[in-house]
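The structure appears right after this line, and notes come after that.
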Amino acid sequence: VRGKIYTLGATPRVLRQDPAEVAYAKIQKLCERAANQGAKIIGLGAYTKVIGDNGVTINNNSPIPVTTGNSLSASATLWGVHDVLNRMQLIKKNKNTNLFKGRAMVIGATGSIGKVSALLLSRIFEKIVLIAPRLERLNALKFEIKKLSPLCQVDISTNANDFAATCDVLLTATSACDSKIVNVAQLKSGCVVCDCSRPLDFTIEDTKSRPDILIIESGELHLPGPVEITCNLGLPGKTVYACLAETALLALEERYESFTLGRNIEIDKVKEIYKIAVRHGARLSAVRGHMGFISDKEILLIKDLAQKKRRTKNLA
């Protein structure tokens, strides 16, 4: 597989302020350029997949199929969360139901990655809380989750701080540029935070202020085979963002199709692209935080601090 990476010279703030049609026109030109240079599929990365209707209009105007990469982004995110939970070992499983005896929170639960993440997390946690600005959408998602996972207790709220102190896992999938979505000081000791928002919801300062919680970014992947990357993605070696990996893997499969578009990501597609990734030898990269990759030693240190804080709180 050969690929080209095109850049859109605009920050998330600019893309958010301008009408969606402005970005659509710029991206359409890149799609046409890619097609003229021989590309058979194009993927949207970072904030370009958030604009407007999550790739639907861009795909309609593109001469080649467009995918947002969000199916693999969701899969890799939960892949990373599950890996970290197993290494932290702070949450036990119910032997009868095989569900984690804890609560997971999804902020931005009615968005594309947030919704499918909430549906999948409800199948492995006893409790889940959904956070988003619109209650009517939250109620609709709650109803959908209860049908899929009747054993899971589902709560909804428009304010993440209402449940912040009770959650063992926090996944954020927002596109907020200016507001603080949750008070990091209120989070439960030992909480695993997965920040897959663009731009990121948590800062380096948040990480430094809470050494007893683990804040990771969304899952990145190692592409299979001898990979040559001739531009700086800000990631080491063969590691790429999941949205790029989805496009590359679809090309390996010779499936030149709009695999992921819009806000409603299908669970079956999340599972399918995961199986494709595994079959071709793609694997989860080392856990990455806001200050770089996180070692096993750091994870054990965070676990130790969290356990000490919990014991102190219980004694108090």
Side-chain angles (χ1 to χ4, degrees), residues 74-75 77-174 181-197 201-202 212-216 218 263-268 270-271 303 306-307 309-310 313-314:
S75 178
T77 295
L78 296 175
W79 194 353
V81 169
H82 195 267
D83 177 65
V84 168
L85 288 178
N86 285 335
R87 289 155 70 183
M88 293 273 281
Q89 294 185 335
L90 289 174
I91 314 176
K92 305 299 181 183
K93 278 192 173 182
N94 186 318
K95 293 180 180 179
N96 296 322
T97 62
N98 204 34
L99 298 175
F100 281 113
K101 295 194 288 185
R103 172 178 274 142
M105 176 192 286
V106 179
I107 303 178
T110 54
S112 55
I113 291 178
K115 181 178 178 180
V116 74
S117 296
L119 288 165
L120 289 167
L121 284 168
S122 73
R123 301 178 76 168
I124 60 172
F125 273 87
E126 289 186 340
K127 300 176 183 178
I128 188 170
V129 56
L130 313 172
I131 309 294
R134 299 181 183 177
L135 277 174
E136 67 275 11
R137 288 188 179 180
L138 284 171
N139 275 311
L141 179 56
K142 179 179 179 178
F143 180 74
E144 188 175 345
I145 287 175
K146 290 304 292 182
K147 286 200 300 183
L148 178 72
S149 309
L151 295 178
C152 182
Q153 176 187 316
V154 184
D155 294 296
I156 61 174
S157 178
T158 57
N159 186 352
N161 291 316
D162 290 344
F163 291 89
T166 67
C167 291
D168 302 282
V169 169
L170 169 61
L171 186 147
T172 72
T174 75
I181 53 130
V182 66
N183 183 355
V184 71
Q186 293 188 24
L187 294 179
K188 181 179 181 179
S189 288
C191 180
V192 173
V193 178
C194 185
D195 189 351
C196 52
S197 299
D201 284 322
F202 290 87
D212 60 320
I213 66 174
L214 178 60
I215 302 178
I216 64 174
S218 54
R263 294 187 180 278
N264 293 316
I265 304 173
E266 300 172 30
I267 288 182
D268 288 344
V270 174
K271 293 178 179 178
K303 176 184 176 180
Q307 288 175 323
K309 277 204 169 188
R310 289 183 182 186
K313 184 177 179 181
N314 289 337

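Side chains are part of it too, since the values below use all heavy atoms of this structure and drop only hydrogens, waters and symmetry mates.
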(request) Could you tell me which residues satisfy side-chain hydrogen bond (donor to acceptor under 3.5 Å, both in side chains) with Thr174, sequence neighbours excluded, listed by chain and number? (result) Ser197, Asp201
(request) Just jot down the side-chain hydrogen bond (donor to acceptor under 3.5 Å, both in side chains) partners of Ser149, sequence neighbours excluded, or say none. (result) Ser122
(message) Just so I know, are the side chains of Ile216 and Val84 near enough to count as touching, which here means a heavy-atom distance under 4.5 Å?
(response) yes
(message) With a 4.5 Å cut-off on side-chain heavy atoms, are Met88 and Val192 touching?
(response) yes
(request) Of all the heavy-atom pairs spanning Gly114 and Val106, show the shortest one and how long it is. (result) O-CG1, 3.5 Å
(message) By the salt bridge (charged side-chain N to carboxylate O under 4.0 Å, His left out) test, which pairs, at least two apart or in different chains, include something from residues 104-132?
(response) Lys115-Glu144
(request) Output the distance between atom CD1 (Ile128) and atom CD1 (Ile145), rounded to the nearest 0.5 Å. (result) 5.0 Å
(message) With heavy-atom distances below 4.5 Å as the criterion, would you say the side chains of Leu171 and Leu78 are in contact?
(response) yes
(message) For a quick test of reading the model, state the closest non-hydrogen atom pair linking Ala109 to Ala132 and the distance between them.
(response) N-CB, 4.3 Å
(request) Apply salt bridge (charged side-chain N to carboxylate O under 4.0 Å, His left out) to Lys146 and list each qualifying residue two or more places apart in sequence or on a separate chain. (result) none
(message) For a quick test of reading the model, state the closest non-hydrogen atom pair linking Cys196 to Ile113 and the distance between them.
(response) SG-CG2, 4.2 Å
(request) Of all the heavy-atom pairs spanning Ile91 and Gly102, show the shortest one and how long it is. (result) CG2-N, 4.2 Å
(message) So, using side-chain hydrogen bond (donor to acceptor under 3.5 Å, both in side chains) as the criterion, who are the partners of Asn86 when residues are at least two apart?
(response) His82
(request) Starting at OG1 of Thr110, measure out to CG of Asn264 and round the result to the nearest 0.5 Å. (result) 10.0 Å
(request) Taking the side chain as every heavy atom from C-beta outward, state whether Val270 and Ile265 have any atom pair closer than 4.5 Å. (result) yes
(request) Side-chain contact test, heavy atoms from C-beta onward, threshold under 4.5 Å: evaluate it for Val129 versus Ile156 and give yes or no. (result) no
(message) Measuring from atom OG1 of Thr172 to atom CG of Asp195, what distance do you get when rounded to the nearest 0.5 angstrom?
(response) 3.5 Å
(message) Tell me every residue that passes side chain to side chain contact (heavy atoms under 4.5 Å, CB included) with Val182, counting only those two or more places apart in sequence or in another chain.
(response) Ile107, Ala160, Asn161, Ala164, Leu170, Leu187, Phe202
(request) Hey, could you give me the CE/OG distance between Met105 and Ser157, rounded to the nearest 0.5 Å? (result) 7.5 Å
(request) Kindly determine whether Arg310 and Leu90 satisfy side chain to side chain contact (heavy atoms under 4.5 Å, CB included), including the steps that lead there. (result) CA-CA 11 Å; Arg310 289 183 182 186; Leu90 289 174; 4.2 Å; yes
(request) Identify the two heavy atoms, one from Ala118 and one from Leu130, that lie closest to each other, and give their separation to 0.1 Å. (result) CB-CD2, 3.7 Å
(request) Enter the distance from Thr77:OG1 to Leu121:CG here, rounded to the nearest 0.5 Å. (result) 10.0 Å
(request) Not counting sequence neighbours, which residues clear salt bridge (charged side-chain N to carboxylate O under 4.0 Å, His left out) with Arg263? List them please. (result) none
(message) Does any part of the side chain of Leu148, heavy atoms only, come nearer than 4.5 Å to the side chain of Ile267, both counted from C-beta?
(response) yes
(request) Kindly write out the residues that satisfy salt bridge (charged side-chain N to carboxylate O under 4.0 Å, His left out) with Asp155, not counting sequence neighbours, or none if the list is empty. (result) Arg103
(message) Tell me which pairs pass ring-ring contact (aromatic ring centres under 6.0 Å, His included) where either residue lies in residues 83-111, with sequence neighbours left out.
(response) Phe100-Phe125
(request) May I have all residue pairs that pass salt bridge (charged side-chain N to carboxylate O under 4.0 Å, His left out) and include part of residues 81-94, sequence neighbours excluded? (result) Asp83-Arg87, Arg87-Asp296
(request) Under the side-chain hydrogen bond (donor to acceptor under 3.5 Å, both in side chains) rule, collect the residues that match up with Asp168, sequence neighbours excluded. (result) Lys188
(request) List for me each residue that meets salt bridge (charged side-chain N to carboxylate O under 4.0 Å, His left out) alongside Arg137, sequence neighbours excluded, and say none if there are none. (result) none
(message) Rounded at 0.5 Å granularity, tell me how far CG in Leu138 sits from CD1 in Ile131.
(response) 7.5 Å
